[in-house]
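Numbering of ligands and ligand atoms starts at 1, following listing order. Every heavy atom of this structure was used, including side-chain atoms; hydrogens, water molecules and symmetry mates were not.
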Amino acid sequence: MTNTESVPGAAKKTTARKTAPQKSDPAVIEVRNPGTGAVVGTVPNESAEAVAAKIRELRLYQTEWEAIGPDGRKEWLLKLQDWIIDNTEHLADVLQAEAGKPRVDALIDPAFSTDLIGYYARRAGKFLADDHPSPHSPLARVKKLTTVYKPYPVVGVITPWNFPLAMPVIDVIPALAAGAAVILKPSEVTPLSAIELARGWAEIGAPPVFAVVTGAGATGAAVVENADYIQFTGSTATGRKIAAACVERLIPYSLELGGKDPAIVLADADLDRAAHGIAFGGMFNSGQVCISVERVYVEAPVYDEFVAKLTDAVKNLRQGLDGRESKYDVGALANENQVQIVQRHVDEAIAAGAKVTTGGKRTGVGTLFEPTVLVDVDHTMSCITEETFGPTLPVIKVADEAEAVRLANDSIYGLSASVWTGDKERGERVARALEAGAVNINDVFVNLFSFALPMGGWGQSGVGARWGGPNGVRKYCRQKAITTPILPTQQKELLWFPYQMPKVLFGLGAMRAAGARGLRRIDIAAILKLKGDNK
Ligand code: ADP
């Protein structure tokens, strides 16, 4: 992709003017292909007032959206799914244009979106149905208990640039399925795919309960100022600011933040599978995945063999700027800033004694950085302590499983992890010991394709979680408790005014009998008192 016209649809929808906007022009943001540097679109840098106005409008339509219920919403969501399937090639073009991805990576976003929409469209009805929990004690059986899930009117979704279509879909769809209206603020670096998603929503004729606003941090901050719930994915630094703003407004939020995912290779692992899996886990999307493998710990007996296999697997990756023909495995980094971070981590590691077994520098084309394996790494280096979000795999030799777990847990992050072993029990033991929101045994990324599981970060990797079956839509709802009498009601309950000690003691005694254990169930003093009073 070299110019705006080569992104069918995107140019039409996003080019606000014919002449190139000036850098000083705050009204427009240029979107560039990071591989070629070419401008592939422009989007408005929307003001706080524009955001507030869009959210006001969404509120007007949300009531009706909620009222049509999960079955009504399912129809629209499945129409959007059809639209994504029918427009897959075009969406992949847009993704490649704005993110410099290989063709295969660009095709993953629409396929993933299709899968996720199907799940939430079809299951939301079940997930949102009223619950009738069994009462906690026999005393409560006199009431029917109901939990009702009522959506927040407007959910704000703020997304980063690594998966310009899948990241919005991942949270927009469950929120829409819950019955909320959604305002999406995509990354200013890659807003074109999100605009395509909104175009699809409009083209299928769906109710106007989904809107995109474009702009940088200030536009995102305006979303936080006006929406009723914030779902954010991005850096820990920005997540912290958003959390503070949400606390100020007393609105709920869920944050998926940075990660530094460890992979543990135990001596009994299938080393070929581990090497290929970790090469994929570290280099997919040029390492720009929140759950990329960013650190590798290998048990000493297999360290040399594993490093040789990993180096081979990484060396063999084909890197370049792909077209539709799919020639490459690894593409560009999203922007120059990312290249600088990756280069710094590699340079600092080398300066402190690490060695590169393959890669180590930019290729000379755009923002492409060679897939890199680092060895002789120690735990103080920035390539281990900071999130890299690039194509590097630092490898550390460990004495045993215990050391691997200790070092893997020695991080401020805890998003996900993997463990590679031939022993299922060992795999589970390590998985349970790791301080992370998800662990894949003998695999990578699987949890990202498992909507029935929760996806959330521990430590500074996040607050809350997305998905997790029913919780994926319930999180976008306020919960309401309703109690309904089952038995005919009396004029007054035992504990109502005016207090009458015998009745009160009887009531409190019943609570105690229901909750306590053994002889403590019986309040002998109260019984004696009641007897005494009756004399
Ligand atoms: P990165 O681009 O490294 O992921 P961020 O975490 O800052 O960096 O960006 C993620 C998303 O958050 C982007 O859409 C960005 O525009 C948005 N954003 C940045 N600052 C703020 C802010 N203060 N409030 C709300 N959104 C913000």
Worksheet item: Ring centroid separation for Tyr229 and Tyr476, is it under 6.0 angstrom?
Response: yes
Discussion item. Quick check on the 6.0 Å ring-centre criterion: do Trp65 and Phe210 meet it?
Written reply: no
Discussion item. Would Gly239 count as a contact residue for ligand 1, given that I'm defining contact as a non-hydrogen atom of the residue lying under 4.0 Å from a ligand atom?
Written reply: no
Discussion item. Show the atoms of ligand 1 that are less than 4.0 angstrom away from any heavy atom in Pro186.
Written reply: 14 (O)
Worksheet item: Does any non-hydrogen side-chain atom of Thr372 lie less than 4.5 Å from one of Val342?
Response: no
Item to complete: Identify the protein heavy atom lying closest to atom 11 (C) of ligand 1, giving its residue, its atom name and the separation to 0.1 Å.
Response: Thr159 O, 3.6 Å
Worksheet item: Counting only heavy atoms, which portion of Ala218 has something under 4.0 Å from ligand 1: side chain, backbone, both, or neither?
Response: neither
Fill in: Heavy-atom side-chain proximity of Phe112 to Ile170 below 4.5 angstrom
yes
Worksheet entry | Atoms in ligand 1 flagged as close to Ala216, the criterion being non-hydrogen separation under 4.0 Å | 16 (O)
Discussion item. Below the 3.5 angstrom mark, is there an N/O of Thr238, backbone or side chain, next to an N/O of ligand 1?
Written reply: yes
Worksheet item: Heavy atom of Phe232 under 4.0 Å from ligand 1?
Response: yes
Fill in: Ring centres under 6.0 angstrom apart (Phe445, Phe280)
yes
Response to the item:
Near Gly234 (heavy-atom distance under 4.0 Å), the atoms of ligand 1 are 6 (O)
Worksheet item: So which heavy atom on Leu77 is nearest to which on Ala121, and how close?
Response: CB-CB, 3.8 Å
Worksheet, complete the sentence: Logged contact type for Ile242 with ligand 1, heavy-atom cut-off 4.0 Å, is side chain
Item to complete: May I ask you to identify the nearest protein heavy atom to atom 2 (O) of ligand 1, giving residue, atom name and distance to one decimal place in Å?
Response: Trp161 NE1, 2.9 Å
Practice prompt. Examine Lys241 against ligand 1 and note whether any of their N/O atoms are separated by less than 3.5 Å.
Written response: no
Worksheet item: Are Lys185 and Phe232 in a cation-pi setup, meaning NZ or CZ lies under 6.0 angstrom from the ring centre and within 45 degrees of the ring axis?
Response: no
Worksheet item: Does the pair Arg318/Asp329 count as a salt bridge with the N-to-O cut at 4.0 Å?
Response: yes
